[in-house]
Undergrad: 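Submitted below is the structure of interest, expressed as structure tokens.
Here is how names work: the chains are called A, B, and so on, in the same order as the sequence lines, proteins then strands, and each is numbered from 1.
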Amino acid sequence: MVHKLSEGSLEIIMNGGHYDKPIMQVLGSKKIQGSGANERFRLLVSDGKHSHSFAMLATQLNDKLITGELSDYSVVQIDRFVTSLLKNTGKGEKRVMIILDLTIVAPGTQVGKKLGNPQTWTEDSAAAAAAQPAMQPVSRPNPVTTFNIKPTPNPALDSSILSSQMTHPIASLSPYQNKWVIKARVMSKSPIRTWSNAKGEGKLFSMDLCDESGEIRATAFKNECDKFYDIIQVDKVYYISRCQLKTANKQFTNLKNDYEMSFTADTVVAECMDEASSVPSIKYEFVPINEIANKSPDTLLDIIGVCKSVADIQELTQRSTGRLLKKREITLVDSSGGAVVLTLWGSEAEKFDGSTNPVIAAKGARLTEFNGSKSLSCLASTMLRLNPDLPEAHKLRGWYDNGGANMDIVNISARSGAYGGGSNEWITFAEAEARQLGAGDKGDYYSLLGVLTFTFSDNAVYKACPQEQCNKKLVDQENGLYRCEKCNREYPNFKYRLLLGANVSDPTGDQRITAFNEAAEAILGKTSAEIGQMFEYDKAAYSQIFEEVKFKTFVFKFRTKMETYSDEARLKTTVMSAQPVDYKDANARLIKSIKALSGVEV
DNA sequence: CCCCCCCC
């Protein structure tokens, strides 16, 4: 099969002209910056006559490269692109082409070779061509003259320039180039926040902007905060110019951009009244709910689902500041068969109404893991939309209202349910062994009704670092001070903590277990402080505690994981919680399992 | 120049 490239199209494009849907060949690709969600790739493309390596792939097309779909020698139709003039230090200016959309006409594996004999395109070759017009057969009007308008050295950025067509794609912004105008839609805007720290104080608000090439966060501080807060409105489109670009701290945003920008005293903003529809609204990369369990904790995810259930508001006290917090957990489902809990905070929690089972889209929700189950939590920066006008949302609505509501779902946020989806099912040690729980990398969680057959009272209580999050065992300096190796400092005080080793048996087997502070307190029925006092002043009472608890029955929740100690692999099983038996519940479980085993109604 | 984002 012969593939025809759009010979000469590159020259037109690189001179600032337009060429409709050129066919080009990809000759190579190179990662130029970032990693993960912030990767950006440069392509070496050829139109058969020229080749050049200043084509950038818009980030939403990265997958085509990463998956290998867009391999070298692929012939592609470039459906949409924009170009941007970059002012370089020293070497004048360079135009880059940003590919926004492409269709693979023939995969590289099929083409297998370079087509034609393309010469490297340079600004010089363009100049040479312009100097020798007689050598160039002019078969069509040269669009260069109409488009290749060089920005004036010092453009007065009045509204006429702001509203001109000469806008730059967000993807092309960098700290190395400061003459630009973007035309961007405001995806979200934060409330005004004040801060006060060692470096000073102030106020700010931030907004997330997007155009078809990409997205970027912008922040307005102090004067600019006051000046622009009311002007900037979510979902509107603005021309924005003269902001300061700097490297983004990816810890705090999941926008696909290596940079973020700050408004300055020179920043110009003008609302765009026309063509607003050509600027896309929020870009999502939705993760199907059943795939959330495979993602790492503390990452930011985009998710869409139908709100299947809503819990009551809960009030709690933030441990570090004593602040009163309000939260609400809502459960989202999608057609993947998964369910996940999304936690809303503050006023978002208070005003939330899930009574109509709305579709919820969240951009940048934080994945958290607690006791082995994963859930999502909204941050201040999370963009939450109810019943958004998105294809995915309409699809979900249709699915949910036509049977999806009754579909069997696996709730990945169920507590202690890492196996088989059963949330609080009790299993036996024999079953835990048969299922090879603990063999994986991540550890497994299960519940079991068991008897405490032995407790190790030696070293069960220790003097721990008084710091809130530390808990490291202190070294007694014998001078009234205690040293924490982790904090690398000495303290006059300490707190008692428990670390209880014990054996648990059930009718099918037994297991050596470890219970840390809170779980050990639940088992021993005393606080760590009380037990510490006994250890110090009343050894008999101390020993008695550990004797009394022997042969008590508990409902345990365990986490188990195979670990290797000096070449010997053995299960490390820790107690997540230990509760006294609720016999009504225990009987119901027993009856259920008798029915299941015998097939007989009891 | 912020960057806290909570709790079981």
Undergrad: Is the Tyr462(A) to Tyr496(A) ring centre distance short of 6.0 Å?
TA: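 No, the ring centres sit 6.0 Å or more apart.
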
Undergrad: Could you give the CZ-to-P distance, from Arg193(A) to dC6(B), as a whole number of Å?
TA: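 Those two atoms, CZ and P, are 14 Å apart.
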
Undergrad: Among dC8(B), dC6(B), dC2(B), which nucleotide sits nearest the side chain of Gln318(A)?
TA: dC6(B)

Undergrad: To the nearest Å, give me how far apart CG (Asp298(A)) and P (dC5(B)) are.
TA: 10 Å

Undergrad: CD of Glu518(A) versus C1' of dC7(B): gap in Å, rounded?
TA: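 Spelled out: CD on Glu518(A) to C1' on dC7(B) is 14 Å.
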
Undergrad: Let me know the distance between CH2 of Trp345(A) and C1' of dC4(B), rounded to the nearest Å.
TA: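 The answer, rounded to whole Å, is 13 Å.
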
Undergrad: List the residues meeting salt bridge (charged side-chain N to carboxylate O under 4.0 Å, His left out) with Glu212(A), not counting sequence neighbours, and say none if there are none.
TA: Arg80(A)

Undergrad: Give a yes/no answer on whether the side chain of Arg217(A) brings an N or O atom under 4.0 Å of OP1 or OP2 in dC2(B).
TA: no

Undergrad: Whole angstrom is fine here: how far is it from CG in Leu376(A) over to C1' in dC7(B)?
TA: 16 Å

Undergrad: Residues of residues 219-228 of chain A with any non-hydrogen atom less than 4.0 angstrom from an atom of DNA chain B: list those, numerically ordered, please.
TA: Thr219(A), Phe221(A), Lys222(A)

Undergrad: Which residues satisfy the side-chain hydrogen bond (donor to acceptor under 3.5 Å, both in side chains) test with Thr573(A), sequence neighbours excluded?
TA: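 Thr573(A) satisfies side-chain hydrogen bond (donor to acceptor under 3.5 Å, both in side chains) with Thr560(A) only.
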
Undergrad: So does Lys199(A) reach the base of dC1(B) with its side chain, donor to acceptor, closer than 3.5 Å?
TA: no

Undergrad: Could you tell me the separation between the CH2 atom of Trp195(A) and the C1' atom of dC4(B), rounded to a whole number of Å?
TA: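 Computing the Trp195(A):CH2 to dC4(B):C1' distance gives 14 Å.
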
Undergrad: How long is the line joining CD of Glu260(A) and C1' of dC1(B), in whole Å?
TA: 11 Å

Undergrad: Residues two or more places apart in sequence or in another chain: which of them pass side-chain contact (heavy atoms from CB on, under 4.5 Å) with Ala502(A)?
TA: Leu452(A), Thr455(A), Ile513(A)

Undergrad: Give a yes/no verdict on base stacking between dC8(B) and Phe370(A): centres under 5.5 Å, planes within less than 30° of parallel.
TA: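 Base of dC8(B): stacked against Phe370(A).
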
Undergrad: Sort out for me which residue in Asn257(A), Leu255(A), Ile170(A), Leu209(A) forms a side chain to side chain contact (heavy atoms under 4.5 Å, CB included) with Glu215(A).
TA: Leu255(A)

Undergrad: Tell me every residue that passes side-chain hydrogen bond (donor to acceptor under 3.5 Å, both in side chains) with Ser457(A), counting only those two or more places apart in sequence or in another chain.
TA: none

Undergrad: List in chain and number order the residues that pass side-chain hydrogen bond (donor to acceptor under 3.5 Å, both in side chains) with Ser593(A), two or more places apart in sequence or in another chain; answer none if no residue qualifies.
TA: none

Undergrad: Check the distance between dC6(B)'s P and Leu325(A)'s CG and give it to me in whole angstrom.
TA: 10 Å

Undergrad: May I ask you to say what Lys326(A) touches in the nucleic acid, namely base, sugar-phosphate or nothing, with a heavy-atom cut-off under 4.0 Å?
TA: nothing

Undergrad: Out of dC2(B), dC7(B), dC5(B), which nucleotide sits closest to the side chain of Lys246(A)?
TA: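 In terms of side-chain proximity for Lys246(A), the closest of dC2(B), dC7(B), dC5(B) is dC2(B).
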
